[in-house]
Asks: 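Just dropping this structure here.
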Amino acid sequence: MKKSIGVLTSGGDCPGLNAAIRAIGKAGRNRANIIGFLDGFRGLMQDRTMRLDDASLSNILTLGGTILGTSRDKPHRMPIGGEVRDMTDAMVEVYNHHHLDALICLGGGGTQKNALRLKEKGLNIITLPKTIDNDVGLTDVTFGFDTALEIATDAIDRLHSTATSHSRNIVVEIMGHKAGWLALGAGVAGGADIILIPEIPYDIQQVAAAINRRQRDGKRFSIIAVAEGATPIAPPEEEKPVKKKKKSRAVEIAPSAHVGHTLELTNQLEHLTGLESRLTILGHLQRGGSPSAADRLLATRLGAACMDLIEDGVFGVMVAARGETYAAVPLEEVAGVRKNVPLDHDWIKAARKVGTCLGDAPME
Ligand code: F6P
C-alpha cells in the first residue's frame, strides 16, 4: 500500500525550497501520496493543504520561494485572535486525520526545534536544513546559502565601481541573523576591504584605522561588508550611556535587533575617516529568485535521500549534508545548535592573510 506523507516549509523562505519539494515528490511518486501543508505550521494546524502531484511539481525546480508558502509560526506559541496558544495537539490531530506515515519539515534552526516538539508527541518527523544563513548545526551546508552568497558577492562587485568613482566608503549590510557565513563568504569572494561578523566584535577605531591606512596607500575608497548581526566591542564601563529610568508603562515596540546599527556605523566612519560614506542594505534581495546550480543539486539530493530514509523507517532526524553524501542526524542533537563561523576557519585565515580588516587589532 502507498504511504501518506506530508510536507511543509517553515521559517524564512530561500532559493532551493521548491527544488527540494520537487525531489521529495518525484522520488516518492510511486511509493507515496504526498500532500503539502500551506504556510508552515499554521497551515498544518488549520489543515490547509495542496496535493503535490505531477502537475504541481512541474516547472518548479528553478523557481525561488516556496510553492507551499511559509510562516515563522511555532506549534507551541501560535498567535490566534490576540492570544498566543500552544497548538501542538491540534497539529497531531491533523496528522492523524490524514493517516500520515511521515511529515517532512523543510526549515532552518527554529524549524529543527519545532520539529522535535512534534516528534516528542509521537509523530514520524524528518527535516531538511534550509536557510541563506548557513547556521544550522551538524550539516556541512544548508540549501539557499550558495544562491544568497552569489547575490551578495555580485552586489559587492557592483559597489566597487561606484565607490571608486566617488572616492567613498560603502558599507554593505548582509543578512545572516547571528552568524557571519554570508558576510564573510561574500566579503572574501567580493574582495571587501573590511568584513565585520558577529563572531568577531569590532572596534570602530580599528575599522577607521584600516580605511585611513588605505587612504595613505592612495586608495580613496573602501568597501565594508557588515553582517546584520555584527556588534561593536563593549565600550569601557565609564563610556557606557547611563540608562534612563522608564517613566511610563506605555507599550514599547521592540525594534529588530540590528535595525540602525549599520547606519550608525556608516556615519561614524564618515566622521572618523573624512570620506563620504554610504550604506547599502541588501535585505530580502538575498533571499529572492532562482536557486543556483549548487543549491538545486543540494536540495535535490537531500530531498531524494529523505524519501529513502522514510522508506527505511528512519524518523526523528534531519537529513544533513556530509561531503558528497548525507547523514541522518537525530533532531535532539541538532535542535538549538547554531553553527557560527569558527575563529580558526579557513575563510577567516585567508581574509587576514590577504590583508582584510576584520574589525579587531591587526595580526602581528
Ligand atoms: O533566516 C533568514 C533571514 O533572512 C535572516 O538572514 C534574517 O535575519 C531574517 O531571515 C529576516 O527575517 P524576515 O524575512 O522575517 O524579516
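This is a predicted model, so every value here is computed, not measured. Ligands are counted one by one from 1 in listed order, and the atoms in each one are counted from 1 as well.
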Asks: Looking at Arg158 and Asp154, does any basic side-chain N land under 4.0 Å from a carboxylate oxygen?
Replies: yes

Asks: Would you check if the distance from the ring center of His98 to the ring center of Phe37 is below 6.0 Å?
Replies: yes

Asks: Are Arg31 and Asp308 close enough for a salt bridge, meaning some N to O gap below 4.0 Å?
Replies: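 Answer for the salt bridge query: yes.
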
Asks: Please determine whether a side-chain nitrogen of the Lys or Arg among Arg287 and Asp13 lies less than 4.0 Å from a carboxylate oxygen of the Asp or Glu.
Replies: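 Here Arg287 pairs with Asp13 in a salt bridge, since their nearest N and O are under 4.0 Å apart.
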
Asks: Quick one: is the NZ or CZ of Arg296 closer than 6.0 Å to the six-membered ring centre of Phe143, and within 45° of its axis?
Replies: no

Asks: As an exercise, identify every atom of ligand 1 less than 4.0 angstrom from a heavy atom of Ile132.
Replies: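 Near Ile132, meaning under 4.0 Å from one of its heavy atoms, ligand 1 has 4 (O).
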
Asks: Judged on heavy-atom distance to atom 10 (O) of ligand 1, which of Arg72, Lys130, Glu228, Lys178 sits nearest?
Replies: Arg72

Asks: Any idea which atoms of ligand 1 are less than 4.0 Å away from a heavy-atom of His177?
Replies: 6 (O), 8 (O)

Asks: Quick one: does Gly108 get a heavy atom under 4.0 Å from ligand 1?
Replies: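 Under 4.0 Å: no for Gly108.
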
Asks: Which of the atoms of ligand 1 are close to His284, meaning less than 4.0 Å from one of its heavy atoms?
Replies: 13 (P), 14 (O), 16 (O)

